[in-house]
Each structure stands twice: as C-alpha cells, then as structure tokens.
Amino acid sequence: MHTFPKNKNAFTLLEMMFAIVLLGVAIAALMVSNKALTKANGAGLEMATAEFLIEQIRELTAQLPVCDPQTGKTNFGAEEGGIADYDDLDDFNAREYSPPIDAGRNTLSDYTGYCQQVTVDNVSAADLMTAVGDHTSDFYRMTVKVLLNGREISSASWIRANL
C-alpha cells in the first residue's frame with residue numbers, strides 16, 4: 001500500500017473548503033454593496049439634474065419684472081403667445097416644459113423624461129406661505145417642480161417682490 005508523505009506546510013481539504021466559502025461570502029457582499037452604490041449614484045444623478053433644471057428657471061426669470069411692463073397688473077398669466085415672448089414673471093404661471101428648457105429658453109432635448117412644472121402665486125405680505133388673489137399683494141412665490149417620468153424628483157420655491 002502506498003502512503004502519501006505528510007506535509008506540515010500544506011492545507012487540509014477542510015481548510016480549503018472554509019477559505020472558498022469565506023471568499024464566496026466576500027464576493028457576494030461586494031456585489032450587494034455595488035448594487036446599492038449604483039442605485040444611490042443613480043438617485044444622486046437624478047437629484048443633481050433636477051437641481052440644475054430648477055436653477056435654469058430661476059436664472060431665466062431672475063431679471064424679469066414681476067408684472068407685465070406694458071399692461072401692469074391688469075392680467076395675471078401669459079399675455080404673449082409663447083415662451084420666447086414672455087417678458088414678466090407671471091407669464092410663467094401654470095407652465096410645464098417637457099423636455100425642459102434652459103435659462104436661454106432653449107429646449108434641452110438631452111433630458112427627455114424630465115419635466116419642469118412652474119407656478120407663480122401672489123402671496124400675503126404677512127404670511128409668504130398663504131396665496132392671495134392675483135395682484136393683491138406685492139409679493140410673489142415662484143415654485144418649480146422637476147419630474148422624471150411623472151415622479152417628482154425635487155422642487156424649490158422663492159419669493160420675488162414687486163416694489
């Protein structure tokens with residue numbers, strides 16, 4: 001009968017199986033964490049894009065007067081035909097842009113699926129969260145919501161004064 005020499009420096013079969021199981025668990029844990037990080041990265045990208053799209057509307061409307069330069073407070077909402085003609089803040093009330101637009105009023109066709117919803121509310125001077133009748137206050141709240149495939153990603157509001 002042939003006997004194999006015992007080598008004190010070699011691993012036993014049981015030790016090898018235990019090492020393989022540990023390696024498998026480590027690889028599985030890495031795969032799970034990679035999936036979670038990829039998902040978080042995607043959510044971060046969506047949020048960054050939404051904030052970019054909100055900022056585009058903020059920049060577009062920052063230099064516009066609150067009320068129409070020609071008609072003043074006689075009309076709340078768009079007096080003109082299209083976005084190229086909008087010359088005051090309340091022209092943007094109840095508007096939706098899909099695909100979204102940038103601060104130069106250009107369509108951002110690379111952002112299909114995203115939508116900018118814009119509302120402009122006249123708000124109380126005593127409580128900026130309370131909407132009041134059109135042109136009954138000198139304070140206006142502009143709100144922009146960004147949606148991706150119908151799901152709200154982010155929103156922001158800011159106050160403008162007509163002083």
Side-chain angles (χ1 to χ4, degrees), residues 24-163:
V25 168
I27 289 172
L30 285 173
M31 290 178 66
V32 167
S33 68
N34 185 40
K35 180 180 177 183
L37 290 174
T38 300
K39 187 175 180 179
N41 190 33
L45 179 61
E46 288 176 0
M47 180 62 81
T49 301
E51 294 303 318
F52 166 75
L53 295 173
I54 289 169
E55 194 58 34
Q56 293 303 303
I57 298 293
R58 186 187 314 254
E59 287 181 29
L60 170 59
T61 59
Q63 298 301 317
L64 295 176
V66 173
C67 297
D68 191 272
Q70 284 78 37
T71 62
K73 293 184 175 184
T74 59
N75 186 31
F76 192 90
E79 299 87 14
E80 300 83 10
I83 189 168
D85 301 317
Y86 291 175
D87 60 356
D88 62 278
L89 190 68
D90 66 24
D91 287 347
F92 289 88
N93 185 41
R95 297 289 179 238
E96 188 171 292
Y97 302 102
S98 181
I101 59 171
D102 66 9
R105 304 177 193 225
N106 303 305
T107 300
L108 298 171
S109 55
D110 290 343
Y111 293 94
T112 56
Y114 283 92
C115 173
Q116 295 158 310
Q117 291 180 341
V118 183
T119 56
V120 180
D121 295 308
N122 206 204
V123 294
S124 167
D127 180 6
L128 298 174
M129 296 305 294
T130 302
V132 295
D134 296 343
H135 297 303
T136 59
S137 167
D138 286 325
F139 294 92
Y140 297 80
R141 180 180 60 228
M142 184 155 200
T143 302
V144 178
K145 292 181 181 180
V146 175
L147 293 88
L148 176 58
N149 299 321
R151 178 178 51 94
E152 185 176 326
I153 302 296
S154 185
S155 68
S157 295
W158 56 93
I159 303 295
R160 290 277 307 272
N162 185 31
L163 302 174

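Throughout, residue positions are numbered sequentially from 1 according to the sequence presented. As a basis for the values below, the full set of heavy atoms in this structure was taken, side chains included, without hydrogen atoms, waters or symmetry mates.
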Closest approach of [X] and [Y], non-hydrogen atoms and distance?
X: Ile54; Y: Ala156; result: CG2-CB, 3.7 Å
X: Ala50; Y: Ile153; result: CB-CG2, 3.5 Å
X: Thr61; Y: Arg160; result: O-NH1, 2.8 Å
X: His135; Y: Asn75; result: NE2-O, 3.0 Å
X: Leu89; Y: Met142; result: CD1-SD, 3.1 Å
X: Asn122; Y: Gly133; result: OD1-O, 2.8 Å

Check whether [X] reaches the backbone of [Y] with its side chain - one donor and one acceptor, N or O, closer than 3.5 Å.
X: Asp102; Y: Gly104; answer: yes
X: Asp91; Y: Asp87; answer: yes
X: Ser137; Y: Ser124; answer: no

**Q.** 4.5 Å side-chain heavy-atom contact, Leu108 and Pro99
**A.**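 They are not in side-chain contact.
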Q. Does any non-hydrogen side-chain atom of Phe92 lie less than 4.5 Å from one of Leu64?
A.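 The answer is yes, as the side chains (C-beta and beyond) meet within the 4.5 Å cut-off.
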Q.
For Val118 and Asn93: C-alpha separation, side-chain torsions, deciding distance, then whether side-chain contact (heavy atoms from CB on, under 4.5 Å) applies.
A. CA-CA 6 Å; Val118 183; Asn93 185 41; over 6 Å; no
Q.
Does Tyr111 form a side-chain contact (heavy atoms from CB on, under 4.5 Å) with Val146? I'd like the steps, not just the answer.
A. CA-CA 11 Å; Tyr111 293 94; Val146 175; over 6 Å; no
Measuring from atom [atom1] of [X] to atom [atom2] of [Y], what distance do you get when rounded to the nearest 0.5 angstrom?
X: Leu60; Y: Ile101; atom1: CG; atom2: CD1; result: 5.5 Å
X: Arg151; Y: Cys115; atom1: CZ; atom2: SG; result: 13.5 Å
X: Leu148; Y: Met47; atom1: CG; atom2: CE; result: 11.5 Å
X: Ser157; Y: Leu128; atom1: OG; atom2: CG; result: 11.0 Å
X: Phe139; Y: Asn162; atom1: CZ; atom2: CG; result: 9.5 Å
X: Tyr97; Y: Gln56; atom1: OH; atom2: CD; result: 13.5 Å

Q) Which word best sums up how the rings of Phe76 and Tyr140 line up, parallel for under 30°, tilted for 30 to 60°, or perpendicular for over 60°? A)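 The rings of Phe76 and Tyr140 lie parallel, inter-plane angle below 30°.
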Q: Compute whether any side-chain donor of one residue and acceptor of the other, for Arg105 and Tyr86, lie under 3.5 angstrom apart.
A: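 There is no such pair (donor and acceptor under 3.5 Å, judged by atom type) between the side chains of Arg105 and Tyr86.
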Q: Show your working on side-chain contact (heavy atoms from CB on, under 4.5 Å) between Leu53 and Thr49 and close with a plain yes or no.
A: CA-CA 6 Å; Leu53 295 173; Thr49 301; 4.1 Å; yes
